[in-house]
Number of protein chains: 2
Amino acid sequence: MAIDPHSSRALYRQLADQLRSKIYSGELRPGAQLPTERELMDQYDASRNTVRLALGQLANEGLTVSGRGRGHFVRTSAPLLFLATRSESTDRRATTANDAWTTDVVSQGRTPAQTIEVSIVRPPENVASLLELEEGETAAMRKRVRTVDGEPNSLSMSYYPMSIVGTSEIIQPHDIVRGANRVLAEIGHDQVRYTDQITARMPTPYEQDTLRIGAGIPVHEHLRVGYDAADIAVRVAVTILPADRHIIQYELTSAQR
Amino acid sequence: MAIDPHSSRALYRQLADQLRSKIYSGELRPGAQLPTERELMDQYDASRNTVRLALGQLANEGLTVSGRGRGHFVRTSAPLLFLATRSESTDRRATTANDAWTTDVVSQGRTPAQTIEVSIVRPPENVASLLELEEGETAAMRKRVRTVDGEPNSLSMSYYPMSIVGTSEIIQPHDIVRGANRVLAEIGHDQVRYTDQITARMPTPYEQDTLRIGAGIPVHEHLRVGYDAADIAVRVAVTILPADRHIIQYELTSAQR
DNA sequence: GAGTGGTCTAGACCACGTC
DNA sequence: ACGTGGTCTAGACCACTCA
């Protein structure tokens, strides 16, 4: 139980190992307070910096949170929200006055809200190349910040080539109740095929701030490219999902696999 | 460009901010060396611990790597490998002597290898409940460690209820060339439907070690449940994918969305 | 051997939460 | 008022890399 100061493994790593195993084993349950830094210093005869290195390690693994004047605590696994990426049936959206996401969230008994911002931009390079934009060509961006029960939930940016949507409702800074996808269909670019790419990374400071993401929590970056019947990319949607609040779910039948 | 010691923002955060923006802006390109700790101490008139706090922050964001005796460097974005979760056509597997994953990797011009380990275990709670196992009921686990071009690539654990596979080839500790899924089909449990769940988190120390994952790199946890024609869960596959080496990709047609 | 990061100590002041 | 974590300093020794 004690610590070997002559081990080749750094003191602070040994300390982190012991605390971590107490968390994994359940001896320290979610929400439980860890010993104070003072106690750990005394117990392991280590300096405060060393103790804080160990605690910082756990925080960066997403295992603990801390607060000035409070203490260090085992992170409580937040109640998880599902992102149903494949909806049960496509016709549902037609039967409601809300967009697909709002309907999804309401069906889970939560309260959704979102702000929408529309602008004309040069998209990031990876998006521009997926949309096959020429050098300097622009796209309409509809950016959403979504909240559930008042807590920030996700960040979503949809890009549409101006050459396609330049005169449509999509460039208006309003919520489109029937869905932007329906507008695309109305102007002759119904999406018939999608490619999804999912990456994971640590959040940028902007994302940490906007979505109130704690230390040690990664984000999913979910990117969806929509193609019309002529196999032209008409929409790229990039969604940032804090990983402590989201499980991405897909339903597939064996023909697809 | 200088730093305000009277700002409410901590010194080490300001320092991290400046270095980070140099990385994002491209002034410090991937592979470039950051100033040495000594130089930063002099330049910003800060103590070494403060400088190290700033550099540690960047490392935890996955932006930099460092090594004793070498220096701090901007992380080079590794060449990314695609995990094609939906293959182009299902018949391909029948035409080759290799399993689906091996075929995928070879088609990308890389060299795959894997070790397989088979055991009878009580699965983790979430898996047990997806398989609807009774209290104490066991499952066969086929665990793979996969490498590509000699580098560790992914960790995969497939669970099959013993009540279904207890007498089949699946519990033999050998590679099954025609695929375990085919064996399942042969014993009357062809999978006709899948549910995928994708989560992201920081790796455990075991995963960091086995897959050689650097600090600040999260992992995808990809979980696939396979159901047979009677809608019984016959297989749960959990795959751990280091996020710096993997993009998860899905292809969907509009009928599925 | 010189320079780099990795680890560790001892002490200090401050901001915040709780009582 | 007191105890907590947040920030910062000044110094030390060690292990590794590279010329």
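To find a chain, count down the sequence lines: A is the first, B the second, and so on, and within it residues start at 1. The analysis underlying the following values was restricted to heavy atoms, covering all of them including side chains, and did not include hydrogens, waters or symmetry mates.
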Subject >> Spacing of B/Asn49 atom CG relative to C/dG5 atom P, expressed in whole Å >> reply: 14 Å

Original post:
Given D/dC8, is OP1 or OP2 found less than 4.0 Å from the side-chain N or O atoms of B/Tyr12?
Top reply: no

**OP:** Decide, yes or no, whether a salt bridge links B/Glu135 with B/Arg122 under the criterion of side-chain N to carboxylate O below 4.0 Å.
**Re:** no

Original post:
In whole Å, what is the span from the CG atom of A/Leu53 to the P atom of D/dG5?
Top reply: 15 Å

Original post:
Taking OP1 and OP2 of D/dT9, is either one under 4.0 Å from a side-chain nitrogen or oxygen of B/Thr50?
Top reply: yes

Subject >> Residue A/Ala10, side-chain atoms from C-beta onward, closest of D/dC8, C/dT9, C/dC8 >> reply: C/dC8

Original post:
Base, sugar-phosphate, or nothing for A/Arg9, non-hydrogen atoms under 4.0 angstrom?
Top reply: nothing

Subject >> A/Ser66 side-chain N/O to D/dG6 phosphate OP1/OP2 under 4.0 Å >> reply: yes

Original post:
Any side-chain donor-acceptor pair under 3.5 Å between A/Tyr12 and A/Asn49?
Top reply: no

Original post:
Can a donor-acceptor pair be found between the side chains of B/Tyr250 and A/Gln197 at a distance below 3.5 Å?
Top reply: no

Subject >> From B/Arg52, B/Gln33, B/Glu37, residue fulfilling side chain to side chain donor-acceptor pair (under 3.5 Å) relative to B/His72 >> reply: B/Glu37

Original post:
Reading nucleotides 13-19 of chain D from the 5' end, what letters show protein touch, with B for base, S for backbone sugar-phosphate only, - for no heavy atom under 4.0 Å?
Top reply: --BBS--

**OP:** State whether A/Arg9 and A/Asp17 are salt-bridged, where the test is any N-O pair (Lys NZ or Arg NE/NH1/NH2 against Asp/Glu carboxylate O) under 4.0 Å.
**Re:** yes

Subject >> Neighbour count >12 (heavy atoms, 6.0 Å) for atom CG, A/Asp45 >> reply: no

Original post:
How about B/Leu211 and B/Leu155: do any of their side-chain heavy atoms sit closer than 4.5 Å?
Top reply: yes

Original post:
Which nucleotide, C/dG6, C/dT9, D/dG6, lies nearest any side-chain atom of A/Glu37?
Top reply: D/dG6

Subject >> Nearest-Å distance for atom pair CG/P, residues A/Asp45 and C/dT9 >> reply: 8 Å

Original post:
Among D/dG5, C/dT9, C/dG6, which nucleotide sits nearest the side chain of A/Ala46?
Top reply: C/dT9

Original post:
Under 4.0 Å between a Lys/Arg side-chain N and an Asp/Glu carboxylate O for B/Arg146 and B/Glu151?
Top reply: no

Original post:
How sharply is the helix from C/dG1-D/dC18 to C/dT18-D/dA1 bent, taking the axes over five pairs at either end and rounding to 10 degrees?
Top reply: 10°

Original post:
Taking the side chain from B/Thr210 and the backbone from B/Tyr206, do they hold a donor-acceptor pair closer than 3.5 Å?
Top reply: yes

Original post:
When the distance from CZ of B/Arg52 to P of D/dA10 is rounded to whole Å, what number comes out?
Top reply: 17 Å

Subject >> Whole angstrom value for the distance that separates C1' of D/dG5 from CD of A/Gln33 >> reply: 11 Å

Original post:
Which whole-number value in Å describes the distance from A/Leu15 CG to C/dT9 C1'?
Top reply: 15 Å

Subject >> First of B/Thr36 and A/Ser47 reached from the 5' end of DNA chain C, by closest nucleotide >> reply: B/Thr36

